[in-house]
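Below: the structure, in structure tokens.
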Amino acid sequence: MVSSRNFSNSAIAKLLKNIAVVYKLKKTQPFKMIAYEKAAAVIEQTNLDLHILWKNNKLTSLPGIGQGIANHLDELFRTNKVKYFERLLKPYPQAMFSLIEISGIGPKTAFKLCQKFNLNNPKTAVKQLEKLIKQKKISKIKGFSQESEENIQENINQFKQKKDRLSIYQAFALSKQIINHLKQSPHIIQIEPLGSLRRQASTIGDIDIAVITKQPKKALDYLLKYPQIKKIINQGISKASIITFNNIQIDIRFQSPDTFGSLLQHFTGSKSHNIQLRQLAQEKNLSLSEYGIKDKQGKLKKFSSEEKLYQALGLDWIPPQLREARGEIKAAQSHKLPNLINLKDIKGDFHVHTNYFLQSSHDSGVDSFEVLIKKAHQLNYQYIGFADHNPSISRHSSQQIIDILKSRKQEIEKIKYSNEKNVKIRVLNLLEVDIRPDGSLAVPDKGLDQLDFAIASIHSSFHQDKATITNRLLNALKHPKIKILGHPSGRIINHRPSIKPDWDKIFDFCQKNNKFLEINAYPSRLDLPDSLIQQAVKYKVKFIINTDAHAVDQMDFMPYGIAVAKRGWLESKNVINTLPWNKLKGILSLT
DNA sequence: GCCGTTTTCGGCCCGACTGTTTTCAGTCG
């Protein structure tokens with residue numbers, strides 16, 4: 001057996017995208033182009049490792065991957081190349097695939113530029129292009145003007161400044177700014193943030209805003225007065241795109257009130273959800289767009305509400321968080337959509353850091369037990385868990401750690417129950433314990449004995465190989481005092497990738513041993529990610545949504561955790577901190 | 001190349017904006 005390099009999903013997606021580009025240029029088989037584009041998109045989005053699917057002979061289980069592409073990928077994994085792809089790609093300059101990364105440059109333009117100026121090196125193509133622009137050579141060729149030349153340079157500048165995707169937290173703040181601006185226009189009836197913001201994705205690329213108006217031209221004029229505009233990408237009476245000084249693209253759509261339902265649906269997306277919905281309409285001999293549904297005769301039916309629009313296609317209304325083409329349309333057809341968890345279902349938070357001084361090696365919280373408990377009362381919680389980081393092992397002996405936890409226990413015992421206005425809150429003595437690189441816990445057993453139970457988390461050595469890190473997690477989880485795996489993937493959005501254990505093994509172990517997966521609501525974590533939640537649900541694992549608050553206001557992060565849970569299709573029955581204390585305590589073997 | 005509660009053949013999502021096209025191609029979402 002020839003050993004193969006383990007091609008990453010993103011590398012394969014890129015390869016298939018390039019094949020699609022070639023088919024676009026060839027013009028001969030437009031539907032092959034669509035097929036390759038679709039396959040690339042599916043691979044980009046899935047959390048299943050293609051290499052593993054290939055090993056298990058399951059590549060075609062992905063929608064959009066048929067026997068044809070599966071055969072090509074088989075060749076790729078066996079021999080590190082695909083002869084058919086190489087033959088297709090050969091006549092085209094590699095530099096082309098770098099240029100299409102620039103907004104406004106598509107396959108045709110990229111190919112033209114590469115041919116005309118003999119650009120071959122994908123690594124230097126963009127630089128060379130900039131040089132040609134400086135020499136004003138682009139505007140001299142047919143199909144380009146001085147204006148389009150300048151435009152390309154602006155788009156290159158934008159490309160070079162391309163920032164990370166925004167966290168949902170940042171995106172909400174930024175969307176509020178422009179919404180506040182638009183609200184002042186007398187011609188605007190309603191403003192809604194849509195797109196990935198409405199779907200509550202964990203990260204947001206562009207901000208999408210829908211504007212309901214009867215006078216789109218006036219609404220557009222008002223939009224263009226927004227002081228944060230750095231560049232206008234396009235402007236029309238039905239849509240406009242701008243880039244703000246902090247390099248965020250904002251897309252705005254203007255539409256009249258009678259088509260509000262259609263606009264909401266269309267602009268919420270996702271793209272792949274919309275495509276599936278339109279295919280469904282087509283099967284019914286209808287045509288769906290942002291304006292409504294056209295029948296065969298071309299007569300348009302308008303929708304003022306989203307519910308009616310979905311209904312017209314024979315579907316239950318689909319919550320925005322589910323609109324990612326992950327089976328929601330089929331579920332809506334057969335009335336099997338999940339009854340998603342809601343913020344009001346949450347009855348407590350087990351991952352709150354306090355200012356109790358226990359000399360941990362990670363950040364401690366800034367607020368006192370009392371302040372945090374008061375907040376828990378405000379949130380109508382029935383319980384709160386104080387889960388500070390363990391005392392640092394480098395600066396303490398085992399005995400010192402045990403002593404620190406004994407004193408802390410005495411402090412928490414004093415407030416084990418908090419009564420306020422006759423509402424009783426149970427206060428739990430927890431700890432967030434480091435899982436050391438060898439899988440041992442950073443607290444000795446006699447220290448753990450002081451606790452009600454503990455959360456185990458990885459805070460170091462994130463890059464261990466699959467087998468090592470899997471065993472490391474399992475070893476930590478098997479300790480009877482460990483009930484929760486904290487921020488399981490360890491990712492920090494835009495900063496640190498997920499660890500890569502054998503998740504199936506972890507999920508299976510958790511289900512069989514009464515261990516719970518945390519959904520960490522801290523906006524830069526949002527961990528487990530939604531795709532892994534969906535994978536875990538298959539094992540019937542139970543979850544707990546915690547904020548990981550290090551300050552009292554951060555206990556308000558819970559909605560972000562709920563958003564992730566919804567995107568993972570979770571119902572309240574999947575999440576243990578929706579249970580009242582008298583039921584939860586049994587599950588946790590507490591009294 | 002993919003896919004199927006009208007199909008293993010015959011289809012394949014829909015529309016806006018830009019530029020230089022006098023009727024449309026390219027790009028984007």
Side-chain angles (χ1 to χ4, degrees), chain A residues 16 19-25 27-42 59-73 84-85 88 99-113 139 142-152 155 194-196 205-208 210 216 220 232-242 249-255 259 262-263 265-294 298 300 313-314 325 329-330 333-334:
Chain A
L16 298 186
I19 299 298
V21 165
V22 169
Y23 275 116
K24 176 133 198 164
L25 290 172
K27 282 186 179 173
T28 48
Q29 285 161 298
F31 296 109
K32 275 199 185 183
M33 174 196 83
I34 293 170
Y36 275 99
E37 265 177 359
K38 192 184 167 197
V42 166
L59 281 172
T60 53
S61 67
L62 288 176
I65 310 278
Q67 204 51 59
I69 291 179
N71 286 344
H72 291 318
L73 295 184
Y84 177 65
F85 288 174
L88 273 174
L99 296 189
I100 55 175
E101 302 289 327
I102 312 282
S103 161
I105 298 184
K108 309 256 164 129
T109 311
F111 182 56
K112 200 186 213 175
L113 289 169
S139 50
K142 205 182 159 207
F144 292 88
S145 63
Q146 199 179 329
E147 217 171 24
S148 55
E149 185 176 62
E150 286 164 11
N151 236 328
I152 293 174
N155 287 331
L194 301 181
S196 48
D206 312 330
I207 293 176
D208 299 312
L220 172 67
I232 299 166
I233 299 173
N234 55 46
Q235 47 173 310
I237 54 162
S238 61
K239 66 180 195 179
S241 294
I242 59 167
Q249 179 167 334
I250 304 182
D251 299 329
I252 297 100
R253 272 197 172 259
F254 308 100
Q255 222 158 290
T259 58
S262 294
L263 175 60
Q265 194 290 311
H266 167 79
F267 211 20
T268 297
S270 62
K271 183 178 176 169
S272 41
H273 173 85
N274 284 359
I275 288 174
Q276 286 193 356
L277 214 54
R278 286 168 186 179
Q279 283 167 344
L280 178 70
Q282 215 171 33
E283 286 165 22
K284 297 175 189 288
N285 265 319
L286 301 168
S287 167
L288 171 67
S289 78
E290 58 265 53
Y291 300 106
I293 298 177
K294 273 186 200 160
L300 181 72
L313 293 168
I329 290 177
K330 275 208 173 119
Q333 272 176 319
S334 50

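The residue A/Tyr291 sits close only to the backbone: its heavy atoms come under 4.0 Å of sugar-phosphate atoms, none of a base. Here A/Pro30 lies out of heavy-atom contact (under 4.0 Å) with every strand. Nucleic acid contact for A/Leu277: none, since no nucleic acid atom lies under 4.0 Å from a heavy atom of the residue.
At least one side-chain heavy atom of A/His273 sits under 4.5 Å from a side-chain heavy atom of A/Gln265.
Closest-nucleotide positions on DNA chain B for A/Leu288 and A/Tyr23 were compared, and the one nearer the 5' end corresponds to A/Tyr23. Of the two residues contacting DNA chain B, namely A/Phe31 and A/Tyr84, the nearest-nucleotide position lying further toward the 5' end is that of A/Tyr84.
A straight line from CG of A/Asn155 to C1' of B/dC28 spans 12 Å, rounded to a whole angstrom. Protein atom NZ of A/Lys38 is 10 Å distant from nucleotide atom C1' of B/dC12, rounded to whole Å.
Distance alone, capped at 3.5 Å, places no donor-acceptor pair between the A/Asn155 side chain and the A/Ile102 backbone.
Counting non-hydrogen atoms of other residues, nucleotides and ligands closer than 6.0 Å to CD1 of A/Ile237 gives a total of 12 or fewer.
You'll find that the side chain of A/Ser238 is closest to B/dA16, out of B/dC13, B/dA16, B/dT27. For A/Tyr36, the side-chain atoms get nearest to B/dG1 when compared with the rest of B/dG26, B/dC14, B/dG1.
For B/dT7, the base adopts the syn conformation, since its glycosidic angle falls within 90 degrees of zero.
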